[in-house]
Structure formats: structure tokens, C-alpha cells
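Computed over heavy atoms, backbone and side chain alike; hydrogens, waters and symmetry mates excluded.
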Amino acid sequence: MSTALPMGTMTLAEFLALPEVGDVERELIRGEVRERPLTKRNRVHAKTEARLAKLLGIWLDSLPVPKGELYAGEVGCILRHELTSNVGIDVAYFSAETITAQTDATSMVDGVPILAVEILSPSDKQEDIAEKVDLYLETGVALVWIIDPHFKTLTVHRDDVEPQLFNIKQAVSNLPQLPGLSLDVKDLFD
């Protein structure tokens with residue numbers, strides 16, 4: 001059961017001080033608390049996340065040092081802009097510089113990932129996904145991928161070009177932010 005939340009915007013400290021509620025998922029989006037029922041993940045979502053993390057991990061292992069770090073499983077991320085946001089990202093790749101700047105003061109990554117990936121669940125609403133894509137791009141995330149396990153597609157969002165949709169007959173490659181990566185979309189779902 002949700003608790004009554006204060007009206008208006010919150011600071012990150014106020015958000016992190018909220019009591020945990022077992023059946024509610026919370027994020028701080030541009031200073032506003034967003035609550036929704038706890039997402040019930042399914043095996044398709046989990047498998048897609050695991051496959052993506054494996055494929056990105058193989059790519060990451062091929063890079064020279066310093067190479068950054070890859071996180072999966074709703075990594076807590078603090079995005080600072082005009083109003084701070086605290087979000088959970090399904091899969092995220094951070095630069096070595098961002099990772100080096102972390103301290104023991106928080107269990108979340110304080111900084112912008114190079115790549116933020118959201119894997120759609122049946123309960124996701126289009127307006128919520130669009131809001132997250134907009135938030136990620138305006139806070140400086142270079143690449144946002146939306147993976148749809150139902151339609152077996154991957155959509156690449158960047159600040160400087162229109163979104164690009166890839167299907168299982170295509171590969172995502174030649175992205176300057178992910179040098180040397182070539183990802184066959186079908187490999188996410190096979």
C-alpha cells in the first residue's frame with residue numbers, strides 16, 4: 001500500500017528518505033515522485049535482459065582499458081539536471097570517468113550513462129516510456145534503447161537524429177558511442 005506523499009517537487013535527499021513500501025515502485029522524475037504498482041517481471045523480460053547484458057559484456061571485454069562498466073537489473077541512477085531524477089534502468093553502460101567519480105556515499109550510480117536500455121514489460125505505458133526517453137536524452141544520455149520483446153524490435157533514440165527502429169533481420173552497429181559494437185537484434189530473442 002502506498003503512503004501519502006508530500007505535494008510538489010522533492011530533493012533527492014527527501015526522496016531517498018521516504019519509507020520503502022513493498023508493493024510500490026518509485027522513481028523521482030524531474031523532482032516529482034512517481035509511484036506505480038510493483039512491476040511483475042516475466043521470464044521473457046528477464047531472458048531479454050540477460051541476453052543483452054551478455055552480448056554487451058562480450059563487446060565491453062573487447063575494449064581497451066579504461067572501458068567503463070555495464071550494469072543490469074534496475075540499476076539505480078541519479079540524473080542531475082534542473083531537477084534531480086532517480087530512476088531504475090534495466091541495462092546501462094557508464095563511461096570509465098563516470099564510474100571513477102563514484103564514492104561509497106551512495107549505492108546508486110551518480111551520473112549519466114552512455115547507454116540506457118529499457119526493456120518493455122506488458123504493464124508499461126507508452127507515455128511513461130516516452131517520458132523516460134525524453135528525460136534520459138535531456139540529461140545527457142547519448143543512446144537510449146527501447147527493446148520490445150513482443151514485437152522483437154530495438155529502437156535507438158539519440159538527441160541528434162530521429163529514432164531508428166531495428167527488427168530481427170537487422171543489426172545495430174556503427175554507433176560512435178559504442179565503438180566496435182555490432183549487435184544482431186535476433187540475438188536478443190533467440
Flag if over 12 foreign heavy atoms under 6.0 Å of [atom1], [X]:
X    : atom1 : answer
E127 : CD    : yes
K67  : NZ    : yes
D104 : CG    : no

Report yes if the side chains of [X] and [Y] come closer than 4.5 Å at any heavy-atom pair, otherwise no.
X    : Y    : result
N42  : P122 : yes
F15  : T84  : no
D128 : R34  : no
L143 : H157 : no

So how far is it from [X] [atom1] to [Y] [atom2], rounded to the nearest 0.5 Å?
X    : Y    : atom1 : atom2 : result
M108 : L79  : CE    : CG    : 11.0 Å
L120 : I146 : CG    : CD1   : 6.0 Å
L56  : K54  : CG    : NZ    : 12.5 Å
L178 : L183 : CG    : CG    : 9.5 Å
D124 : I119 : CG    : CD1   : 10.5 Å
L83  : T11  : CG    : OG1   : 10.5 Å

Taking every non-hydrogen atom, the tightest pair across [X] and [Y]:
X    : Y    : answer
L175 : R158 : CD2-NH1, 4.0 Å
G111 : T98  : CA-CG2, 4.1 Å
P163 : T155 : CB-CG2, 4.0 Å
S121 : H45  : OG-CD2, 3.2 Å
D190 : R51  : O-CZ, 3.0 Å
L60  : G68  : CD2-O, 4.1 Å

same_hphob_cluster([X], [Y]) at 4.5 Å side-chain heavy-atom cutoff:
X    : Y    : result
L70  : V112 : no
L137 : I114 : no
V44  : F189 : no
V133 : V141 : yes
L115 : F166 : yes

Show the numbers, then the answer: is there a side-chain contact (heavy atoms from CB on, under 4.5 Å) between R80 and T139? CA-CA 7 Å; R80 298 182 188 276; T139 57; over 6 Å; no

For V185, run the side-chain contact (heavy atoms from CB on, under 4.5 Å) check against V172, N167, I147 and tell me which one passes. V172

Taking it one step at a time, do Q177 and Y93 satisfy side-chain contact (heavy atoms from CB on, under 4.5 Å)? CA-CA 10 Å; Q177 302 87 348; Y93 168 61; over 6 Å; no

Can I89 and E118 be said to form a side-chain contact (heavy atoms from CB on, under 4.5 Å), step by step? CA-CA 6 Å; I89 303 173; E118 294 294 338; 4.1 Å; yes

Pair Y71-C77, side-chain contact (heavy atoms from CB on, under 4.5 Å): steps then yes or no: CA-CA 10 Å; Y71 294 90; C77 187; over 6 Å; no

